[in-house]
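Please read the structure below before turning to the comments.
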Amino acid sequence: MKEFPCERCGACCRNLDKNDVYNDLNRGDGICKYFDEVTRLCSLYATRPDKCNVKKGYQYFKEVVTFTEYIKCNLKSCEELKRGSNSCQYHFY
Ligand code: SF4
Ligand code: SF4
């Protein structure tokens with residue numbers, strides 16, 4: 001897989017309150033302080049933290065899940081986040 005098939009919907013960056021690991025980025029309402037609400041893109045995308053990068057984030061889960069399952073779980077999480085929930089234990093959000 002070259003790149004995670006992100007649709008750039010911004011749902012993950014607008015739901016940081018679903019996981020305490022993102023408290024440092026949360027501006028207080030669940031939305032990331034680096035999220036550009038006009039473009040719906042990350043304003044520091046090239047240098048975003050590893051926890052915001054699906055491929056790099058795998059390093060934290062590689063002992064417990066295969067890469068294929070991890071990606072599948074993250075894709076499921078994207079769909080759930082768009083609907084306001086998240087049940088994937090291998091996704092940070
Ligand atoms: S929720 Fe998924 S598809 Fe939407 S911006 Fe985040 S990673 Fe991309
Ligand atoms: S740093 Fe960027 S990718 Fe990470 S949550 Fe904020 S806006 Fe999203």
Side-chain angles (χ1 to χ4, degrees):
M1 186 186 75
K2 285 184 185 167
E3 293 300 330
F4 182 74
C6 172
E7 296 171 359
R8 300 181 179 177
C9 68
C12 49
C13 309
R14 285 186 279 106
N15 282 279
L16 302 188
D17 49 352
K18 289 184 167 50
N19 191 321
D20 287 346
V21 80
Y22 287 100
N23 285 351
D24 59 323
L25 299 175
N26 189 345
R27 67 182 190 187
D29 58 359
I31 299 175
C32 179
K33 54 190 171 189
Y34 299 112
F35 183 63
D36 184 326
E37 294 191 70
V38 176
T39 62
R40 292 194 303 183
L41 297 174
C42 173
S43 61
L44 43 77
Y45 187 77
T47 56
R48 68 196 187 285
D50 285 358
K51 61 188 174 185
C52 296
N53 184 320
V54 177
K55 286 176 81 174
K56 286 186 178 174
Y58 182 59
Q59 66 185 293
Y60 302 106
F61 300 104
K62 64 183 181 186
E63 304 298 331
V64 294
V65 67
T66 65
F67 186 69
T68 301
E69 280 303 311
Y70 168 78
I71 292 300
K72 210 160 91 178
C73 191
N74 274 265
L75 285 170
K76 180 170 175 258
S77 201
C78 290
E79 294 310 309
E80 292 181 346
L81 282 169
K82 289 175 197 169
R83 299 192 297 271
S85 63
N86 180 31
S87 66
C88 176
Q89 76 247 43
Y90 306 128
H91 193 293
F92 284 120
Y93 298 104

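When a ligand or atom number is given, it counts from 1 through the structure's own listing order.
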[X] neighbourhood, listing ligand 1 atoms whose heavy-atom distance to it stays under 4.0 Å:
X: Gly10; answer: 4 (Fe), 5 (S)
X: Glu7; answer: 3 (S), 8 (Fe)
X: Cys9; answer: 1 (S), 3 (S), 4 (Fe), 5 (S)
X: Cys12; answer: 1 (S), 5 (S), 6 (Fe), 7 (S)

Short N/O/S contact of Cys32 with atom 2 (Fe) of ligand 2 (below 2.8 Å):
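No, since none of the N, O or S atoms of Cys32 sits under 2.8 Å from atom 2 (Fe) of ligand 2.
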Please state which option from Ile31, Leu44, Asn53 has its nearest heavy atom closest to atom 1 (S) of ligand 2.
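Nearest option to atom 1 (S) of ligand 2, by heavy atoms: Leu44.
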Within 45 degrees of the axis of the six-membered ring of Tyr22 and under 6.0 Å from its centre: does Lys51 put its NZ or CZ there?
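Cation-pi check for Lys51 and Tyr22: passes.
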All side-chain hydrogen bond (donor to acceptor under 3.5 Å, both in side chains) counterparts of Arg27, not counting sequence neighbours
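Partners of Arg27 under the side-chain hydrogen bond (donor to acceptor under 3.5 Å, both in side chains) test: Asp29, Glu37.
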Using the test side-chain hydrogen bond (donor to acceptor under 3.5 Å, both in side chains), find all partners of Asp20 that sit at least two apart in sequence or belong to another chain.
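Testing Asp20 for side-chain hydrogen bond (donor to acceptor under 3.5 Å, both in side chains), a comparison that skips the adjacent residues, returns none.
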Under 4.0 Å between a side-chain nitrogen and a carboxylate oxygen: does that hold for Glu79 and Lys76?
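No, this pair does not count.
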Counting each atom of ligand 2 from 1 as listed, which ones have a heavy atom of Cys52 under 4.0 Å away?
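Those qualifying, in numeric order: 1 (S), 3 (S), 4 (Fe), 5 (S).
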Taking every non-hydrogen atom, the tightest pair across Gln59 and Lys56:
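Heavy atoms of Gln59 and Lys56 come nearest at NE2-O, 2.9 Å.
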Give the ring-plane orientation class for Phe67 versus Tyr58, where under 30° counts as parallel, over 60° as perpendicular and anything between as tilted.
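Ring orientation of Phe67 relative to Tyr58: perpendicular.
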Do any of the N, O or S atoms of Cys42 sit under 2.8 Å from atom 8 (Fe) of ligand 2?
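No.
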